[in-house]
*Asks:* 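A single structure is presented below for examination.
Remember, it's 1-based here, ligands and their atoms both numbered in the order they're listed.
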Amino acid sequence: MKNILVTGGAGFIGSNFIHYILEKYDDVHVVNFDALTYAGNLGNLLDVQDDPRYTFVHADVRDRDAVDAVFEAHEIDTVVHFAAESHVDLSITDPQIFLSTNILGTGVLLDAAKRHWSDAPEDKYCRTYRPGVKYLQVSTDEVYGALGKDGLFTETSPLLPNSPYSASKTSADLLTRAYGETYGLPVQITRCSNNYGPYQFPEKLIPLMIRNSLLDIPLPVYGDGMQIRDWLHVSDHCSAIDTVLRKGTPGRVYNIGGNNERANIDIVRLILKAVGKDESLIRYVRDRPGHDRRYAIDNTRITTELGWAPRCTFEQGMRETVQWYLDHSEWVEQVVSGAYRDYYRDMYGTAQ
Ligand code: NAD
Ligand code: DAU
């Protein structure tokens, strides 16, 4: 039995990953460790909450005692660290929480993994660990900064983050690397491009534009709308992480992306068309400060070394995603209104 600690499992990608793992493997126990910030929602996991292979722990990755307790109680052998403040715009208006959660939280987790897995925890220089343990840092393509018209990010591209969010994620990424180099901790780092799919909080481009168009609210396009992102369906991100855990080399970085570059304005138009709304809803608004112009991933390493490939085409993925938001308008409105927080306060007796 593998005991996987998934931090941030109540968020968008984390909850999709938990579904993915529980569907694919019988012999796993998944511990979802999540502070339930505004972005975390246990409503994403209602269908697995009674599964004996699933445990939820309501705690903060910066809380050393809580992290130690979970390693001990569940004999954790694998960590997949999703928990983070993840929204670039918020990091521009309120950077401090990004430094605290994304950097210090990662430091607490790495240190716990090192101590709990070490063959000789009393020996500061011990570089050997229990067999089979793995720590995977879910990083992002934003660590590389922005591209011009041409070129792709490879794993050896310079790290030049531009926003407080991406700078905090780069710090976490490099701290993870340092634990691998200095202490020999078996770490892996994945750097994925933009995800879309079910359960994404409607602060992000695709769910925000779907919701606004359904409600006939103007669609705010930053700047000229010609910024480019490399979109990947969240299920493909989950399968890539699973592949890296199973086949990846310790200490190695893997880019994840689907060779699917799209300009923001084209995505907005596609959504309007899919829901049968008029382009007059588009509003060009003030640009995001420090807005990265283009991201694009070279995924050669993960495809050739590990045999991973994305399965979902953008057309199919977007059709399903728009339909998912149409079918889950109640989920969207609960998340937006914060009603689910009241529900969890009632359920757990604590505010999130
Ligand atoms: P999200 O904002 O939807 O979810 C984040 C989760 O982390 C939430 O459940 C939240 O409650 C939890 N969390 C936040 N602070 C915490 C803390 N201090 N302790 C414990 N839990 C805490 O984020 P997401 O979009 O699912 O992204 C997940 C991870 O993947 C992040 O590390 C992000 O940087 C990375 N990533 C995201 C994308 C993307 O397109 N969304 C792409 C590449 C990498
Ligand atoms: O590339 C991976 C990253 O993708 C992840 O690391 C981040 O956690 C994730 O939030 C995402 O960051 P982006 O900034 O690319 O995603 P966002 O959905 O916020 O914006 C996508 C693009 O759309 C970006 O160019 C800004 C633009 N945008 C966004 C919003 C919310 C708009 O034009 N209007 C909007 O209202």
*Asks:* Counting non-hydrogen protein atoms only, what is the nearest one to atom 29 (C) of ligand 2? Give residue, atom name and distance.
*Replies:*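 Answer for atom 29 (C) of ligand 2: Tyr222 CE1, 3.5 Å.
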*Asks:* Quick one: which of Pro220, Ser163, Ala84 has a heavy atom closest to atom 34 (N) of ligand 2?
*Replies:*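 Looking at heavy atoms only, Pro220 sits closest to atom 34 (N) of ligand 2.
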*Asks:* Who's the nearest protein heavy-atom neighbour of atom 18 (O) of ligand 2, and how far?
*Replies:*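 Answer, as residue, atom name and distance: Leu205 N, 2.8 Å.
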*Asks:* We want to know whether Lys24 and Ser239 form a side-chain donor-acceptor pair, criterion being a heavy-atom distance below 3.5 angstrom.
*Replies:*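 Ser239 and Lys24 do not have a side-chain donor-acceptor pair below 3.5 Å.
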*Asks:* Is Arg288 atom CZ crowded by more than 12 heavy atoms from other residues, nucleotides or ligands, each under 6.0 Å away?
*Replies:*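 More than 12 within 6.0 Å, yes.
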*Asks:* Give the numbers and elements of all ligand 2 atoms closer than 4.0 Å to a heavy atom of Asp141.
*Replies:*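 Counting atoms of ligand 2 from 1, those under 4.0 Å from Asp141 are 1 (O), 2 (C).
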*Asks:* Which atoms from ligand 2 have a heavy atom of Tyr165 less than 4.0 Å away?
*Replies:*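 Under 4.0 Å from Tyr165, ligand 2 has these atoms: 5 (C), 6 (O), 7 (C), 8 (O).
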*Asks:* Should you measure from each heavy atom of Val221, which atoms of ligand 2 turn up under 4.0 Å away?
*Replies:*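 Every atom of ligand 2 under 4.0 Å from some heavy atom of Val221: 33 (O).
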*Asks:* Identify the protein heavy atom lying closest to atom 27 (C) of ligand 2, giving its residue, its atom name and the separation to 0.1 Å.
*Replies:*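 Answer for atom 27 (C) of ligand 2: Asn264 ND2, 3.4 Å.
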*Asks:* Is it the case that more than 12 heavy atoms not belonging to Glu75 sit under 6.0 Å from its CD atom?
*Replies:*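 Atom CD in Glu75 is not crowded, with 12 or fewer foreign heavy atoms closer than 6.0 Å.
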*Asks:* Are any of the side-chain nitrogens in Glu305 or Lys247 under 4.0 Å away from the carboxylate oxygens of its partner?
*Replies:*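 Not counted as a salt bridge, because no side-chain N and carboxylate O are separated by less than 4.0 Å.
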*Asks:* Around atom CZ of Arg286, are there more than 12 heavy atoms from other residues, nucleotides or ligands closer than 6.0 Å?
*Replies:*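 For Arg286, atom CZ is not crowded (no more than 12 foreign heavy atoms under 6.0 Å).
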*Asks:* Decide whether an N or O pair under 3.5 Å exists between Asp89 and ligand 2.
*Replies:*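 N/O-N/O distance below 3.5 Å does not exist for this pair.
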*Asks:* Considering only heavy atoms from C-beta outward, does the side chain of Leu90 approach that of Tyr38 to under 4.5 Å?
*Replies:*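 Counting from C-beta outward, Leu90 and Tyr38 do come under 4.5 Å.
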*Asks:* Quick check on Arg177: does its CZ atom have over 12 non-hydrogen neighbours (other residues, nucleotides or ligands) under 6.0 Å away?
*Replies:*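 Counting neighbours around CZ of Arg177, 12 or fewer heavy atoms of other residues, nucleotides or ligands fall under 6.0 Å, so no.
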*Asks:* Taking non-hydrogen atoms only, is Glu142 closer than 4.0 angstrom to ligand 2 via side chain, backbone, both or neither?
*Replies:*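 Side chain only; the backbone of Glu142 stays clear of ligand 2.
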*Asks:* For the residue pair Leu281 and Asn212, establish whether any side-chain heavy-atom pair is separated by less than 4.5 Å.
*Replies:*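 They are not in side-chain contact.
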*Asks:* Which residue and non-hydrogen atom of the protein lie closest to atom 20 (O) of ligand 2, and at what distance in Å?
*Replies:*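 Closest protein heavy atom to atom 20 (O) of ligand 2: Arg288 NH2, 3.8 Å.
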*Asks:* As a check for students: among His291, Arg229, His87, identify the option with a heavy atom nearest to atom 26 (C) of ligand 2.
*Replies:*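 When every heavy atom of His291, Arg229, His87 is considered, His291 comes closest to atom 26 (C) of ligand 2.
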*Asks:* Note the single closest protein heavy atom to atom 31 (C) of ligand 2, along with its residue, its atom name and the distance in Å.
*Replies:*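 Checking every protein heavy atom, the shortest distance to atom 31 (C) of ligand 2 gives Glu203 O, 3.3 Å.
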*Asks:* Any heavy-atom pair between the side chains of Val234 and Tyr199 that's under 4.5 Å?
*Replies:*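 SC-SC contact between Tyr199 and Val234 ruled out.
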*Asks:* When the side chains of residues 98-105 are checked against the rest of the protein, which donor-acceptor pairs come out under 3.5 Å, sequence neighbours left out?
*Replies:*
residue: Ser100; atom: OG; partner: Arg62; partner atom: NH1; Å: 2.7
residue: Thr101; atom: OG1; partner: Ile97; partner atom: O; Å: 3.4
residue: Asn102; atom: OD1; partner: Glu85; partner atom: N; Å: 2.8
residue: Asn102; atom: ND2; partner: Glu85; partner atom: O; Å: 3.0
residue: Asn102; atom: ND2; partner: Ser168; partner atom: OG; Å: 3.0

*Asks:* For atom 11 (C) of ligand 2, tell me which residue out of Asp292, Ile13, Asn194, Val285 has the closest non-hydrogen atom.
*Replies:*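 Considering heavy atoms of Asp292, Ile13, Asn194, Val285, the nearest to atom 11 (C) of ligand 2 sits in Asn194.
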*Asks:* Put together the list of close N/O pairs, under 3.5 Å, between ligand 1 and the protein, could you?
*Replies:*
residue: ligand 1; atom: 2 (O); partner: Ser86; partner atom: OG; Å: 2.7
residue: ligand 1; atom: 3 (O); partner: Phe12; partner atom: N; Å: 3.1
residue: ligand 1; atom: 9 (O); partner: Gly11; partner atom: N; Å: 2.9
residue: ligand 1; atom: 9 (O); partner: Asp34; partner atom: OD1; Å: 3.3
residue: ligand 1; atom: 9 (O); partner: Asp34; partner atom: OD2; Å: 2.6
residue: ligand 1; atom: 11 (O); partner: Asp34; partner atom: OD1; Å: 2.6
residue: ligand 1; atom: 11 (O); partner: Thr37; partner atom: N; Å: 3.0
residue: ligand 1; atom: 11 (O); partner: Thr37; partner atom: OG1; Å: 3.2
residue: ligand 1; atom: 18 (N); partner: Asp60; partner atom: OD1; Å: 2.9
residue: ligand 1; atom: 19 (N); partner: Val61; partner atom: N; Å: 3.0
residue: ligand 1; atom: 21 (N); partner: Ala35; partner atom: N; Å: 3.1
residue: ligand 1; atom: 23 (O); partner: Ser86; partner atom: OG; Å: 3.2
residue: ligand 1; atom: 26 (O); partner: Phe12; partner atom: N; Å: 3.4
residue: ligand 1; atom: 26 (O); partner: Ile13; partner atom: N; Å: 2.8
residue: ligand 1; atom: 32 (O); partner: Phe82; partner atom: O; Å: 2.8
residue: ligand 1; atom: 32 (O); partner: Lys169; partner atom: NZ; Å: 2.6
residue: ligand 1; atom: 34 (O); partner: Tyr165; partner atom: OH; Å: 2.6
residue: ligand 1; atom: 34 (O); partner: Lys169; partner atom: NZ; Å: 3.1
residue: ligand 1; atom: 40 (O); partner: Asn195; partner atom: N; Å: 2.9

*Asks:* State whether the number of non-hydrogen atoms from other residues, nucleotides or ligands found under 6.0 Å of Glu122 atom CD is greater than 12.
*Replies:*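 No, not enclosed.
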*Asks:* Polar contacts were defined as any N/O atom of the residue lying under 3.5 Å from an N/O atom of the ligand; does this apply to Trp231 and ligand 2?
*Replies:*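 N/O-N/O distance below 3.5 Å does not exist for this pair.
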*Asks:* Are any of the N/O atoms on Ser86, whether in the backbone or the side chain, positioned under 3.5 angstrom from an N/O atom of ligand 2?
*Replies:*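 N/O-N/O distance under 3.5 Å: yes.
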